[in-house]
Amino acid sequence: MKGKYLVSFRLSSLISFTLISSFIAPYSAVPAPPRTPDKTVNCDILVVGGGLSGAATAYEGLLAGRTVCLTEITDWLGGQISSQGTSALDERPTQRAKLYYSRGYLELRKRIERKYGKLNPGDCWVSDSCYLPRDGHEILRSMLRDAEKEGRGKLQWLPNTVVKELNISPDRKIINSAIAIQHQPAPNAPPLNTFTLSQSIEDAYRYQNSSRFTKSIIRLVPKQKQKGNTPNWYVVDTTETGEIIALADVPYRLGIDARSYLEPSASSANNDPYCTQGFTYTFAMEATQQPQPQQMPPFYPNYAPYYSYELSRLASFPLVFTYRRIWSPRKGETMKFGGITFTAPTPGDISMQNWTWGNDYRPGTAKDNLIYTRQQLQATGQLKPGGWMGGLRTDALRKGEENAVGFYYWLVAGTTDSQLGDGVKKPQPNNRFLSGLDSPMGTAHGLSKYPYMREGRRIIGRLSWGAPEGFAIWEIDISRRNYDDEYYREALPAREYRRLKAALAGLEALSVLSGQKRPENVARRTRSTIFPDAVGIGHYAIDFHPCMTKSPPEAPGNTERAGERRGAGQAYPFQIALRAMIPQKIDNLLVGGKSIATSHIAAAAYRVHSFEWSSGAAAGTTAAFALKNNIAPYQLVDNLPRQEPQLQNLQRLLEKNGNPTAFPDTSIFNQNWEDWK
């Protein structure tokens with residue numbers, strides 16, 4: 001490893017200043033009125049959010065020869081694999097073995113391997129590829145530069161930039177332009193990535209300059225003139241929490257969906273918008289030859305009652321350290337614990353931490369939820385002109401940061417375990433916390449630049465055939481669960497249970513609904529729902545990091561929300577429907593990443609790396625296709641289930657370009673999907 005890390009954990013150090021002192025008095029100021037924009041930037045496709053889905057949208061847009069404007073709140077591309085620090089690719093064995101991914105995702109994997117000479121320089125055991133976050137950003141930047149040259153497109157890369165306002169037409173159908181704010185360090189101020197997100201996010205969304213930041217106001221407008229009534233540019237929301245869908249005020253869901261035949265494992269009979277999956281500030285730690293001084297943060301006692309290895313089979317520090325080890329210069333001895341084989345940590349190894357009962361922060365009430373609901377946005381004035389501030393609770397970010405720093409101290413010095421009791425956790429002083437602008441996370445404080453987000457606002461698609469209340473992908477569309485369990489017979493009314501069994505019956509559905517066959521006598525289909533408007537693919541387990549029951553999440557004796565893990569489990573390979581990417585009301589807005597139209601349970605599978613890329617590839621291709629053919633995306637699907645010739649042309653284009661829309665042998669007659677692990 002090159003460069004020197006700032007690793008001091010003394011309270012007088014920079015991390016103490018940014019993580020402790022400033023938490024006591026968070027930065028605040030009164031918004032200033034807008035001034036004339038400093039510059040205007042023309043776009044064919046405006047992509048808001050530079051995570052994996054945003055990068056993929058830009059990648060395909062550039063290859064199609066379009067001018068793409070790409071904004072990102074941090075200065076790194078890649079989201080999960082870079083600014084959020086989770087640089088360990090989540091993949092399923094069968095899809096990985098077949099290398100059945102979008103072309104850009106395959107290229108990303110190839111370039112990781114080329115960079116290190118191997119795909120897994122961290123020798124982690126959670127994935128076939130664990131590596132350093134900074135390299136994820138640099139690889140994606142090189143991919144976009146190459147796509148720009150190959151496709152003769154143009155990239156307007158706007159890091160450290162947030163969208164503040166949208167200009168929407170009087171009929172609410174078209175986003176005419178957007179106003180963004182880009183920040184740079186103010187004169188004599190510390191460099192970017194000195195302050196944590198909770199300290200800087202509110203400043204980033206204000207127009208006026210501050211002691212920390214100098215601002216540029218950017219007006220983003222269509223490059224082309226209007227031709228007829230179809231859009232002349234597209235805005236794609238690939239933010240981590242669905243910022244643009246909230247700002248545009250289109251219908252969306254947040255948190256738990258009410259229990260129904262579509263979402264039978266829901267933990268609540270009613271909607272609960274406050275219980276979303278936990279978010280995580282990741283950090284990196286290095287194994288050392290000698291014990292290191294470890295000083296307890298002053299806020300540690302508040303969070304200590306939460307931390308745990310969670311399960312006895314995971315109660316091993318070497319196991320946890322190597323789980324997401326992102327750098328390993330030499331191979332350690334082979335170890336085995338809890339049925340898992342891995343190589344032991346050696347001095348110089350670097351581990352990225354992302355642990356459920358550790359640095360996950362899991363608020364779940366109206367007092368502490370991170371992502372504001374529409375009602376909360378209204379109450380805080382964020383839906384008023386010029387009032388948008390990112391839609392997040394700053395105090396929840398701050399507490400997530402404290403919780404993460406406290407987890408490091410628990411790993412190296414803690415002796416308690418909230419789930420397993422005393423005598424399990426032993427100190428591990430031969431480690432140090434890595435911080436500094438040249439450290440793996442690229443921040444002076446050592447935490448990721450942005451928290452790893454598992455769930456955001458999710459659009460409700462347009463009313464369509466089979467979806468009279470708006471399109472969405474639900475639990476039963478992907479889950480392998482056997483719903484013959486007595487729980488479902490009791491939790492669902494008889495009529496709802498019959499609808500559930502009919503929805504899962506495949507070709508026998510009509511027989512169940514008509515009463516010709518009893519629900520218990522019908523064999524369920526062994527595949528996911530096949531969507532006629534599929535434009536991408538994904539495969540991952542339904543994986544939950546549930547919200548906590550009481551506020552605050554770290555309260556002693558707190559528990560996970562009851563029933564939240566019921567829906568967890570294996571999923572069949574699934575598709576991304578174009579209808580899941582088209583919001584209601586606005587015709588030139590597309591959605592990628594975590595904000596497509598999925599339910600709370602389905603979203604727990606539709607959130608990992610390869611899915612994000614596939615949804616972004618679909619968004620970029622669809623936007624370019626719509627511009628070329630002078631057709632709006634909703635017009636590609638508005639006549640389903642009748643044939644849609646232009647939709648078929650789009651699907652053929654995606655397949656031709658190496659962006660699969662279906663897994664091999666996808667057919668309503670093929671029930672043999674059990675081999676997909």
**OP:** Verify whether one side chain among Glu91 and Ser127 offers a donor that lies under 3.5 Å from an acceptor in the other.
**Re:** no
Original post:
Side chains of Trp474 and Ser599: donor-acceptor distance under 3.5 Å anywhere?
Top reply: no
Original post:
So, do Tyr540 and Phe611 have ring centers that fall under 6.0 Å from each other?
Top reply: no
Subject >> Test item: His609 side-chain N/O and Asp90 main-chain N/O as donor-acceptor pair under 3.5 Å >> reply: yes
Original post:
So, Lys118 and Glu113, do they make that salt bridge, N to O below 4.0 Å?
Top reply: no
Original post:
Does the side chain of Asp477 come under 3.5 Å of the side chain of Ser528 through a donor N or O and an acceptor N or O?
Top reply: no
Subject >> Asp395 and Lys399 ion-paired at < 4.0 Å >> reply: no
Original post:
Does one side chain, of Thr276 or Glu455, offer a donor that lies under 3.5 Å from an acceptor on the other?
Top reply: no
Original post:
Quick one: salt bridge (Lys or Arg N to Asp or Glu O under 4.0 Å) pairs with a partner in residues 263-277, sequence neighbours left out?
Top reply: Asp272-Arg561
**OP:** Search all heavy atoms of Gln428 against all heavy atoms of Phe317 and return the closest pair with its distance.
**Re:** CG-CG, 3.4 Å
**OP:** Please confirm whether the backbone N or O of Ser316 pairs with a side-chain atom of Lys426, one donor and one acceptor, at under 3.5 Å?
**Re:** no
Original post:
Nearest 0.5 Å, what's the CG-OG distance between Asp417 and Ser308?
Top reply: 3.0 Å
Subject >> Sidechain-backbone polar pair: Ser82 side chain, Gly136 backbone, donor-acceptor under 3.5 Å >> reply: no
Original post:
Less than 4.0 Å between a side-chain N and a carboxylate O, is that true for Lys115 and Asp135?
Top reply: yes
Original post:
Can you find a side-chain donor-acceptor pair between Ser53 and Ser615 that sits under 3.5 Å?
Top reply: yes
Original post:
Under the criterion side-chain hydrogen bond (donor to acceptor under 3.5 Å, both in side chains), which of Glu560, His545, Glu564, Glu554 is the partner of Arg362?
Top reply: Glu560
Original post:
Do the ring centers of Phe407 and Trp357 come within less than 6.0 Å of each other?
Top reply: no
**OP:** Please round to the nearest 0.5 Å and tell me the distance separating atom CD1 of Ile371 and atom CG of Leu254.
**Re:** 5.5 Å
Original post:
Do you know which two heavy atoms are closest between Leu132 and Ser87, and how far apart they sit?
Top reply: C-OG, 4.1 Å
Original post:
Just how far is it from atom CG of Asp123 to atom OG1 of Thr343, taken to the nearest 0.5 Å?
Top reply: 3.5 Å
Subject >> Carboxylate-amine/guanidinium contact Arg134 Asp438, below 4.0 Å >> reply: no
**OP:** For a side-chain hydrogen bond (donor to acceptor under 3.5 Å, both in side chains) with Lys449, tell me which candidate from Asp75, Thr443, Thr74 qualifies.
**Re:** Asp75
Subject >> Thr280 and Asn359: side chain donor to acceptor below 3.5 Å >> reply: no
Original post:
Any side-chain donor paired with an acceptor under 3.5 Å for Tyr487 and Arg566?
Top reply: yes
Original post:
Under the side-chain contact (heavy atoms from CB on, under 4.5 Å) criterion, do Asn403 and Tyr306 qualify, and how do the steps go?
Top reply: CA-CA 9 Å; Asn403 182 67; Tyr306 172 75; 4.0 Å; yes
**OP:** Please state whether the rings of Phe283 and Tyr408 are parallel, tilted or perpendicular, taking 30° and 60° as the class boundaries.
**Re:** perpendicular
Subject >> Aromatic plane relationship, Tyr116 with Tyr131 - under 30° parallel, 30 to 60° tilted, over 60° perpendicular >> reply: tilted
Subject >> Test item: Ser198 side-chain N/O and Leu397 main-chain N/O as donor-acceptor pair under 3.5 Å >> reply: no
Original post:
Can Arg565 and Glu310 be counted as an ion pair, charged N to O under 4.0 angstrom?
Top reply: yes
Original post:
Can you say whether the rings of Tyr323 and Trp355 are parallel (under 30°), tilted (30 to 60°) or perpendicular (over 60°)?
Top reply: perpendicular
Original post:
At their closest point, which heavy atom of Thr194 faces which heavy atom of His445, and how far apart are they?
Top reply: O-CD2, 3.4 Å
Subject >> Derivation and outcome, side-chain contact (heavy atoms from CB on, under 4.5 Å), residues Val320 and Gln353 >> reply: CA-CA 8 Å; Val320 172; Gln353 290 301 322; 3.6 Å; yes
Original post:
Would you call the rings of Phe299 and Tyr303 parallel, tilted or perpendicular, where under 30° means parallel and over 60° means perpendicular?
Top reply: perpendicular
Subject >> ring pair (Phe, Tyr, Trp, His ring centres under 6.0 Å) against Tyr361, all qualifying residues, sequence neighbours excluded >> reply: Phe279
Original post:
Ion pair present between Arg393 and Asp368, side-chain N to carboxylate O less than 4.0 angstrom?
Top reply: no
Subject >> Audit row: Tyr281, Glu401, side-chain contact (heavy atoms from CB on, under 4.5 Å) steps and yes/no >> reply: CA-CA 6 Å; Tyr281 277 99; Glu401 292 158 0; 3.0 Å; yes
Subject >> Of all pairs that satisfy salt bridge (Lys or Arg N to Asp or Glu O under 4.0 Å), the ones with a partner from residues 327-336, not counting sequence neighbours >> reply: none
**OP:** Taking Arg253 for its side chain and Arg458 for its backbone only, find out whether a donor-acceptor pair lies under 3.5 Å.
**Re:** no
**OP:** Please check if any side-chain donor atom of Ser448 sits under 3.5 Å from a side-chain acceptor atom of Gln84, or the reverse.
**Re:** no
Subject >> Between Tyr450 and Trp76, ring centroids under 6.0 Å >> reply: no
**OP:** Compute whether any side-chain donor of one residue and acceptor of the other, for Asn369 and Gln376, lie under 3.5 angstrom apart.
**Re:** yes
Subject >> Shortest non-hydrogen contact between Gly278 and Arg454, atoms and distance >> reply: O-NH1, 2.7 Å
**OP:** Take Phe544 and His600 through the side-chain contact (heavy atoms from CB on, under 4.5 Å) test and state the conclusion after the steps.
**Re:** CA-CA 10 Å; Phe544 272 102; His600 175 63; 3.5 Å; yes
